Amino acid sequence: MGFLVGLLFGLVAGLAIVVFFVRSENSRSNLRTKLATTVAAFARMTVEDSRKILPAEFYPSWVVFSQRQKLTWLNQHLTKIWPYVNEAASDLIKASVEPVLEQYRPVLLSSLKFSKFTLGTVAPQFTGVSIVEDGADSVTMELEMQWDANSNIVLAIKTYLGVSLPVQVKDIGFTGVFRLIFKPLVNEFPCFGAVCYSLRKKKKLDFTLKVIGGDISTIPGLADAIESTIRDAIEDSIMWPVRKIVPILPGDYSDLELKPVGMLEVKLIQARDLTNKDIIGKSDPYAVLFVRPLPGRTKKSKIINNDLNPIWNEHYEFIIEDATTQHLVVRIYDDEGVQASEFIGCAQVLLSELEPGKVKDVWLNLVKDLEIQRDSKYRGQVHLELLYYPFGMENSFTNPFSSDFSMTSLERVLKNGANGTDDIENEKAVTHKKREIIIRGVLSVTVISAEDLPIIDLMGKADPYVVLTMKKSELKNKTRVVNDSLNPVWNQTFDFVVEDGLHDMLILEVWDHDTFGKDYMGRCILTLTRVILEGEYKDCLPLEGAKSGKLNINLKWMPQPIFRDS
């Protein structure tokens, strides 16, 4: 009897398992069918369909809807004609780059020239092309290029000690964007007068240096010096906005040559919350600023020791050749003395985002890499004031001074001077004497009130007061103490005689008064540019270095300009 019961139970259990397994397989088969149908539907979707289903802000950063077209056909033809291109282009590149190499030759070398130069047998590959709309009388084409070259490039270098070394440049890897401009368009075949070519963007450039029959490390610093020279030469000879012009039809194409179009005035004010790179103490930050990373056109600030919230208040000028594509780059480093400086972060400002003739005040977040925006780590911020001033810009300002005297563009605006048409060459020629504009006046500061100050005292209140300091002249004033308040009202006015408003700044520090000392609550830092331009304004400023809090102030400027010969 027990056997029959067990057999019956086993049959029922086995049948149930078989039924469950069959249903499970059928369900999985249906899911696979539906998934295959969905994948096939996605495969038939166009870019426009994707944009309709999901807005662009929901896509991750690595999803890009490219407008660039593939160039398989061009790469096939380029591979065929590359031996002829190599022979023709090698001599042309050698002749144009060699003088630039000599210009940036390291001081420890007496001579730096090419002894061999061929591009090799491997043709570059163009991975995409796009057309840039930039005018009715030209066609601009940008080609994405990738090149892993087997070039035969040998530099013949000589030191002042009489040592001659053949240095081979090998393992070249380049990724970037090559720009072609067909301009002007004419009604004569081939329908354009000249071709300009340039490297629009340099995403990657790698190479190695090797002394033929020797070791380059035997001369300390030689490899770094030569590598820096090569990079500077490439930047100065072929990187946009530099362009090479090839006339196709007879004519004057001087308007296509590289020319300055304006001046960028930059005031490096301060940075805050910088990442600390030192194990003991704090970083010693300094800033490097450039539009084109060339030795003569890169600016370096002073070093602020042991401070993660440095104040520089330094002013720089940069010549601009193409305001539509160029940008200002700021890189912050930690000075390590005799050792190499440690990188903290960088930021950039596109000149196309600046309104000509208008001062722009910006706080920029520092990132690790300007090309790869996947780094979400907070590295601090840098504070800039920017003014882009095109040459020949027509405006309502008239220059009361002779053109023989030199002024910065910012000084022109602040002094209601200059129409921006003076040549740079004329300004450089007047070196024996120039008149410097000193923005002198009285700054009237009204500290009105504060809001939502952070709690400092144990009883949940604070006894705040404000200390006002002019950074350059170190003049100080302070308000009265308001007891037991996180929203104090002062309504006190202070006047400062400012000798150089263009280069001075106002610092407002909020402190909590205690019987046996004081506690820091936060600060606001202001340049005088806005008040000089507007005459008077009222503003509500957030406190830096505090969890909460705002300061309400009113600023008024009463100018008393003077002149100083230098």
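Here the structure is a predicted model, which means the values were calculated and not measured. Every heavy atom of this structure was used, including side-chain atoms; hydrogens, water molecules and symmetry mates were not.
Glu314 contributes a side-chain N or O that, together with a main-chain N or O of Lys302, makes up a donor-acceptor pair within less than 3.5 Å. Of the possible polar contacts, one joining the Ser110 side chain to the Lys158 backbone as a donor-acceptor pair under 3.5 Å is found. Although no hydrogens or angles enter the test, the distance criterion places no donor-acceptor pair under 3.5 Å between the side chain of Ser228 and the main chain of Asp224. Proximity of a side-chain donor or acceptor of Ser341 to a complementary backbone N or O of Asp335 within less than 3.5 Å is not detected. Of the possible polar contacts, none joining the Ser90 side chain to the Glu87 backbone as a donor-acceptor pair under 3.5 Å is found.
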TODO: For side chain to side chain contact (heavy atoms under 4.5 Å, CB included), just list the numbers for Leu112 and Thr229, CA-CA rounded to whole Å, side-chain angles, deciding distance to a tenth of an Å, and then say yes or no.
DONE: CA-CA 10 Å; Leu112 178 59; Thr229 299; 3.7 Å; yes

- [ ] Would you sort out whether Thr325 and Asp322 count as a side-chain hydrogen bond (donor to acceptor under 3.5 Å, both in side chains), showing the intermediate values?
- [x] CA-CA 6 Å; Thr325 59; Asp322 183 9; 2.7 Å; yes

Open item on the list: As a quick check of understanding, evaluate side chain to side chain contact (heavy atoms under 4.5 Å, CB included) for Asn313 and Lys267, giving each step before the final call.
Closed with: CA-CA 7 Å; Asn313 193 32; Lys267 180 175 284 188; 3.8 Å; yes

Open item on the list: Run Glu321 and Gln326 through side chain to side chain contact (heavy atoms under 4.5 Å, CB included) and show every step you take.
Closed with: CA-CA 8 Å; Glu321 291 96 353; Gln326 287 186 291; 3.3 Å; yes

TODO: Apply side chain to side chain contact (heavy atoms under 4.5 Å, CB included) to Val154 and Val169, showing your working.
DONE: CA-CA 6 Å; Val154 179; Val169 184; over 6 Å; no

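In plain terms, the two heavy atoms of Ile319 and Pro260 that are nearest each other are CG2-CB, 3.6 Å. Between Asn150 and Val122 the shortest heavy-atom distance is OD1-N, 3.3 Å. Nearest approach of Val359 to Leu387, heavy atoms of both residues: N-CD1, 4.1 Å. Across all non-hydrogen atoms, the minimal contact from Tyr388 to Pro390 is CE2-CG, 3.5 Å. The two residues Ala323 and Leu351 have their closest heavy-atom pair at O-CB, 3.5 Å. Annotation for Val382 and Val330: closest pair CG2-CG1, 4.4 Å, computed over non-hydrogen atoms.
To the nearest 0.5 Å, atom NZ of residue Lys94 and atom CZ of residue Phe114 are 8.0 Å apart. The distance from atom CG of Leu165 to atom CD1 of Ile212, rounded to the nearest 0.5 Å, is 10.5 Å. The distance from atom CD1 of Ile332 to atom CG of Leu289, rounded to the nearest 0.5 Å, is 7.0 Å. Note that OG1 of Thr275 is 11.5 Å distant from NZ of Lys368, once rounded to the nearest 0.5 Å. Rounding to the nearest 0.5 angstrom, the gap separating the NZ atom in Lys277 from the CZ atom in Phe343 is 8.5 Å. With values rounded to the nearest 0.5 angstrom, Cys346 atom SG is found 11.5 Å from Asn365 atom CG.
Residues Ser198 and Trp240 have side chains that never bring a donor and an acceptor to within less than 3.5 angstrom of each other. Of the N and O atoms on the side chains of Glu385 and Thr529, at least one donor lies less than 3.5 Å from an acceptor on the other residue.
Not counting sequence neighbours, the partners of Lys183 by the side-chain contact (heavy atoms from CB on, under 4.5 Å) test are Asp137, Ser138, Ile181, Leu256. Partners of Phe192 by ring-ring contact (aromatic ring centres under 6.0 Å, His included), not counting sequence neighbours, listed by chain and number: Phe182.
Side-chain atoms of Leu264 and Leu354, non-hydrogen and from C-beta on, do get closer than 4.5 Å to each other. A heavy-atom distance below 4.5 Å is not found between the side chains of Met141 and Val132. Taking 4.5 Å as the limit, every side-chain heavy atom of Ile153 sits out of range of all side-chain heavy atoms of Thr118. The shortest distance between side-chain heavy atoms of Met145 and Gln125 does not fall below 4.5 Å. Met505 is listed as a side-chain neighbour of Ile269, based on a closest heavy-atom distance under 4.5 Å. When side chains are defined from C-beta on, Met263 counts as touching Phe391, because their heavy atoms get closer than 4.5 Å. Side-chain atoms of Val288 and Lys299, non-hydrogen and from C-beta on, never get closer than 4.5 Å to each other. Residues Val195 and Ile248 meet the side-chain proximity criterion, which asks for heavy atoms closer than 4.5 Å.
Ring planes of His383 and Trp363: parallel class, angle under 30° (limits at 30 and 60°).
Sorted by first and then second residue, the ring pair (Phe, Tyr, Trp, His ring centres under 6.0 Å) pairs with a member in residues 75-111 form an empty list; sequence neighbours excluded. Within the structure, the salt bridge (charged side-chain N to carboxylate O under 4.0 Å, His left out) test picks out the following pairs touching residues 101-116 (sequence neighbours left out): Glu102-Arg105. Among pairs with a residue in residues 242-261, those fulfilling side chain to side chain donor-acceptor pair (under 3.5 Å) read Asp252-Ser254, at least two apart in sequence or across chains. Residue pairs meeting the salt bridge (charged side-chain N to carboxylate O under 4.0 Å, His left out) criterion with at least one partner in residues 226-241, sequence neighbours excluded, are Lys202-Glu235, Glu227-Arg231, Asp236-Arg292.
When the shell of 6.0 Å around NZ of Lys80 is examined, it contains 12 or fewer heavy atoms from other residues, nucleotides or ligands.
Between Lys358 and Glu534 no salt bridge is recorded (no basic side-chain N to carboxylate O distance below 4.0 Å).
With Tyr286 as the aromatic partner, Lys300 meets the cation-pi criteria of under 6.0 angstrom to the ring centre and within 45 degrees of the ring axis.
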